[in-house]
Amino acid sequence: MRPVLTQSGEISPNAQAQLSSLCLPEQVCQPDSSNSPLQQIVNQGYSLQLLNHRGETVAAIGQHPESLPSNSKLLAYHTQNISGGKPYHFHLMPLRKQSGEMWGYLQVGQSVGQFDEYMDTLHLLLIFGIPFAMILIGGASWWLAGLAMQPIYQSYAQMQQFTADAAHELRTPIATMQATIESTLAASDTAAETTQTLTALQRQNQRLKHLTQDMLLLTRLENDSTSITQERICLNEVIEDLEEELLPLALAANIHFQCHVPANGSKLWLKGDAGQIYRLISNLITNAINYTPSSGNVTVSLISQASEAIIQVQDTGIGIPAEELPHLYARFYRVNQDRGRKTGGSGLGLSIAQTIAQKHGGRITATSTLGQGSQFQIHLPLA
Ligand code: ADP
């Protein structure tokens, strides 16, 4: 099917007959139902029209020519709204007669409405989406940074608390020593008064020494890089030694103190640092003696359960309120600020004990009834 273009800018009857979908300006055009290739192109959203050499519409294909714009400036490419307001992109191609002379032009148009809608949506997305995404990313980063900083804040707060508590603990003996020295310098002149002053200073000095030793030990224990010595320790012997060492303290406080190790003579062994294990059990027994009034009982028992050794320290002392039990192991914590101070305790004893137990793979548990007594249990894995 090849219509011959003979007269420039004119459609011959021959061409009209061959192109059923061709529609001339003065015609009333019927929709083409032949489904010809040209009509198929039109159905896909394209417009086809023939223009003369001045760019005026001569005929259209599949549409009425009046609905399509002419192209008087003979623009090779341009975008224009067709009647009905739809934007179309037009492309102009020259048509030649068989002789090679110019006949006119074929103008092909494609609807760009969908593309424009797509671009509008993209613009909206960019205008609102980018700030929204930035806010979202900013918020998420802020939240994640806060989360990552949490442990740092916590350890910083712990460090501050420790420094404040340590300074507070050190201040009391130093102030006492200062006051003693000042009053002695001002008033005393006898040898007896000097001895009294020196004894008071020695006591305070002793307290300072213990406090600094405890702080040093705790810092060393909590330093993860220090591994503990792995010697074989016989718990029966440790408890017997402690009984011997702490009996005078219990007697001075008029407390009935007794220790029970397994009766059948079986020995419980564990691996670790003997000095630290000694310190761990001694801290709990000393507390039991210190917080038990005169005529009370302190009983230490050693038993084995499954693969654990359990050292139980029981007293009939003043007891601890249930709500205080979880805080006992915090550094410098005292149930009642002055009750610990009277015993000369610094509030580091249980903190040290728990750190040692944990370093040896064990734990400490406690139960207590206010006014009736307390029971501390040290669980340690057997060798
Ligand atoms: P401290 O050196 O002051 O004794 P600890 O860390 O050993 O410090 O104990 C913390 C606090 O727990 C003590 O101040 C005391 O109030 C309480 N406490 C510990 N053991 C006992 C006990 N057996 N009976 C009553 N209170 C206790």
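Whatever order the structure lists them in is the order used to number ligands and atoms, beginning at 1. If you read the sequence from its start, that first residue is 1, and numbering goes on from there.
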Polar side chain donor-acceptor pair, Q40 to Q44, under 3.5 angstrom
no
Close approach, F376 and ligand 1, non-hydrogen under 4.0 angstrom:
yes
May I ask you to check whether S351 has an N/O atom sitting below 3.5 Å from an N/O atom of ligand 1?
no
Those residues that, when tested against E245, pass salt bridge (charged side-chain N to carboxylate O under 4.0 Å, His left out) (two or more places apart)
none
Hey, is I320 touching ligand 1 through its side chain, its backbone, both or neither, going by heavy atoms under 4.0 Å?
side chain
I'd like to know whether ligand 1 has G347 as a neighbour, heavy-atom separation below 4.0 Å.
yes
Using distance alone, decide if ligand 1 has a nitrogen or oxygen within less than 3.5 Å of any nitrogen or oxygen in I318.
no
Kindly compute the distance separating CG (L382) from CD1 (I310), expressed to the nearest 0.5 Å.
9.5 Å
Students often mix this up, so state it plainly: with edges at 30° and 60°, are the rings of Y333 and H327 parallel, tilted or perpendicular?
tilted
List the atom pairs, with distances to 0.1 Å, where a side-chain N or O of residues 141-149 and a protein N or O form a donor-acceptor pair under 3.5 Å, not counting sequence neighbours.
from, atom 1, to, atom 2, distance (Å)
S141, OG, I137, O, 2.6

Proximal ligand 1 atoms for Y333, defined as those under 4.0 Å from one of its heavy atoms:
10 (C), 11 (C)
Please list, in number order, the atoms of ligand 1 under 4.0 Å from a heavy atom of L328.
12 (O)
Pairs of nitrogen or oxygen atoms closer than 3.5 Å, one from G319 and one from ligand 1: do any exist?
no
Over all heavy atoms of both residues, which pair between P65 and T57 is shortest? Give the atoms and the distance, please.
CB-CG2, 3.6 Å
Could you list which atoms of ligand 1 come closer than 4.0 Å to a heavy atom of L350?
5 (P), 6 (O), 7 (O), 9 (O), 19 (C)
Ligand 1 versus N283: contacting region, heavy-atom distance under 4.0 Å:
neither
Polar contact flag, side-chain donor to acceptor under 3.5 angstrom, T316-N297
no
